[in-house]
Amino acid sequence: MRGHRALWWTIGPAGELAVLLVHRRYLNRSRYMKGWIGWRPEIPFTGELVTVAGQEERRILVKDIRMWPSHLALLPDRRFLLVKGRTSRSEPEGAWASNAVVFSPSGTPEAEFCVGDDIPALVTDAHGGIWTAYGDEGIYGGHPESGAGLAGWDTQGRASWAPQGRLPDHPLEGCTAATENEHVWLVWYSGNGKGGTFLTRITPSTGDVASYRSPVPDPDGLAIRGNRAVLTSRHHNKRSVDLRGRLRRFSQRNGFAGGPGLRSISGIHRYAPLDPANGAARLVWF
């Protein structure tokens, strides 16, 4: 739309695309940061949420937004969530300030609560669960759920899931996240020199956890479906996104296995379905 900037976007659990647009009259431009990330709204501001599902497009005016969101996510029944990446507390033993707001289908705030501190990655599942991966300042900043590195929440702000020692290492930084059918994927890396980057698959209905070593170190984007995965690496301050990865066969049992070495490839690619006869993966343009 003319005069608007797309500042936050997400893919919902059912594959819907949602984008929050903000008119330039609400925005200030940083002289130090290039691209869309350099735009910051003056609080409070009004945005327009555009959701595209198949051939259907919905637009909702969202007025009086009183935070600088870091994340946009979709919830069941056409509700949505805005989350600020950081929070704080006024006293060492005080309550943590709210940094998440649930909005109704009409764009009215319904609930607000805290979902931890320093959140580089967040996604929601098909049943409205909220899943977060934390950065080092949150992990070591005193917030109890953030300290575990990964967490699950409900839409009342209650913690619903924790790793409880089921990860291959202790997280240091969240990278990205995705939803796939009844599974949630959180990508993170550890502070251990031998640790590396991991993809953790969580089944919200049971709480089960499985982790796989990532073929791409520190990715900032993930899309996954069955035995296909796309991991992206963004060039900061440049107008390009690369897929950096290994051509690997993925299985739910063994994760990413076999294949040639690390490659860096310009453009947008995808992993094609595996050939069941020989287990080979093909890399194709789209």
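Here, residue 1 is the first one in the sequence, and each next residue gets the next number.
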Taking salt bridge (charged side-chain N to carboxylate O under 4.0 Å, His left out) as the test, write out the residues that go with [X], two or more places apart.
X	value
Glu57	Arg59
Asp154	Arg158
Arg78	Glu56
Arg86	Asp117, Glu137

Original post:
Would you call the rings of Trp96 and His143 parallel, tilted or perpendicular, where under 30° means parallel and over 60° means perpendicular?
Top reply: perpendicular
Quick one: does [X]'s side chain have a donor or acceptor within less than 3.5 Å of a partner on [Y]'s backbone?
X	Y	value
Ser30	Gly38	no
Thr203	Ser205	no
Ser104	Ser106	yes
Asn99	Gly116	yes
Thr10	Gly12	no
Glu16	Val52	no
Thr87	Cys114	no

Subject >> Under 3.5 Å side-chain donor-acceptor pair for Thr200 and Trp188 >> reply: yes
Original post:
Hey, would you say the Trp131 and Trp161 ring centroids sit under 6.0 Å apart?
Top reply: yes
**OP:** Taking ring-ring contact (aromatic ring centres under 6.0 Å, His included) as the test, write out the residues that go with His23, two or more places apart.
**Re:** His4
Original post:
In the hydrophobic clustering (ILVMFWY, side-chain contacts below 4.5 Å, transitive), which residues join Tyr134, or is it alone?
Top reply: Leu75, Leu81, Val83, Val102, Phe113, Val115, Ile119, Leu122, Ile130, Ile139, Tyr140, Trp153, Leu172, Tyr189
**OP:** State which residue, out of Leu49, Leu7, Val50, fulfils the side chain to side chain contact (heavy atoms under 4.5 Å, CB included) condition with Leu21.
**Re:** Val50
